[in-house]
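We use all heavy atoms of the structure for the numbers below, so side chains are in, but hydrogens, waters and symmetry mates are not. Ligands are counted one by one from 1 in listed order, and the atoms in each one are counted from 1 as well.
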Amino acid sequence: MIFITFEGPEGSGKSTQIKVLQAYLIKSGFSVVKTREPGGSVIAEKIRRILLDPKSRAMAPETELLLYLASRAQHVKDKIRPALKNGKIVICDRFFDSTLAYQGYARGFSGKLLTSFNNFATGGLKPDLTLYFDLDIKLGLKRAQKRTGKKDRLEAENKAFHEKVRKGYLTIANMEPGRIKIINALSSIEEIAGKVAMYVDRKLKNAEKHNRPR
Ligand SMILES: Nc1ncnc2c1ncn2[C@@H]1O[C@H](COP(=O)(O)OP(=O)(O)O)[C@@H](O)[C@H]1O
Ligand SMILES: [Mg+2]
């Protein structure tokens, strides 16, 4: 039915809010599939393990990009498209905007190239709604570390890298204001949950009106 993605740095509150939204939608009678990237299906989760392994530090940026895309292609085919076809609301923790922000704006791959790769991997599937959690990078890293006690491969990147990711996200969000909503991740969990529910309700109403085929 509708495809919602959550974006933002580690520690910005994506997992927290996805749980709240899932509960809210189920209570309202919707059928919800919660998933994540990289990973989300059996083969894609194997690729995730390689990507996030701190021992993969020497991974070439090209390899990293292609693994993310490989994971996405598999995930879309195995899980996201079938769920949407079956009338479910799909909530995905990260999707192709992460590729644009991390591999594009931060690692320096061309946006044009990435968009074309992304379309190849997804078969043109786009989120109906993307919620981007914007957060000061120092605060985000602090929150993420408090949670896990250690850094994964990407969390260990330097400050300049995370700053570029944030700028990238903001640029992308400003280019597609209809799809991507910027949420201030510093607000309270309750306040953010209210905003998330508002945006999702609005999308659901719209989808009902148009009832557009995929
Ligand atoms: N709005 C918020 N204010 C303060 N702390 C938060 C907020 N949202 C989440 N947290 C806390 O920050 C940490 C990271 O949140 P999490 O949802 O796991 O982020 P992400 O999934 O984006 O990495 C957790 O300890 C969580 O409880
Ligand atoms: Mg998370």
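Within the listing of ligand 1, atoms 22 (O) sit less than 4.0 angstrom from a heavy atom of P9. Those atoms of ligand 1 with a heavy atom of I189 less than 4.0 angstrom away are 1 (N), 2 (C), 7 (C), 8 (N). Near E10, meaning under 4.0 Å from any of its heavy atoms, are these atoms of ligand 1: 23 (O). Per-residue contacts place S188 under 4.0 angstrom from the following atoms of ligand 1 (heavy atoms of the residue considered): 1 (N). Within ligand 1, counting atoms from 1 as listed, the ones closer than 4.0 Å to a heavy atom of K14 are 17 (O), 19 (O), 20 (P), 21 (O), 22 (O), 23 (O).
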Got a list of side-chain donor-acceptor pairs under 3.5 Å for residues 19-29, not counting sequence neighbours?
{"residue": "Y24", "atom": "OH", "partner": "D201", "partner atom": "OD1", "Å": "3.0"}
{"residue": "Y24", "atom": "OH", "partner": "D201", "partner atom": "OD2", "Å": "2.6"}
{"residue": "S28", "atom": "OG", "partner": "Y24", "partner atom": "O", "Å": "2.8"}

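On a distance-only criterion, T16 and ligand 1 share at least one N/O pair closer than 3.5 Å. By the 3.5 Å distance cut-off applied to N or O atoms, I192 is not counted among the residues near ligand 1.
With sequence neighbours excluded, no residue satisfies ring pair (Phe, Tyr, Trp, His ring centres under 6.0 Å) with F96.
Distances from the Mg ion (ligand 2) show that S15 has an N/O/S atom below 2.8 Å.
Note: F109 and F117 fail the aromatic proximity criterion, with ring centroids not under 6.0 Å apart.
Note that CG of L65 is 7.0 Å distant from CG of L113, once rounded to the nearest 0.5 Å.
Nearest heavy atom pair, residue I137 against residue H162, reads CG2-O, 3.6 Å.
Between the side chains of Y68 and Q103, no donor-acceptor pair is found at a separation under 3.5 Å.
Across G8, S187, G13, S15, heavy-atom proximity to atom 1 (N) of ligand 1 is greatest for S187.
In I43, the CD1 atom is not crowded: 12 or fewer heavy atoms of neighbouring residues, nucleotides or ligands sit closer than 6.0 Å.
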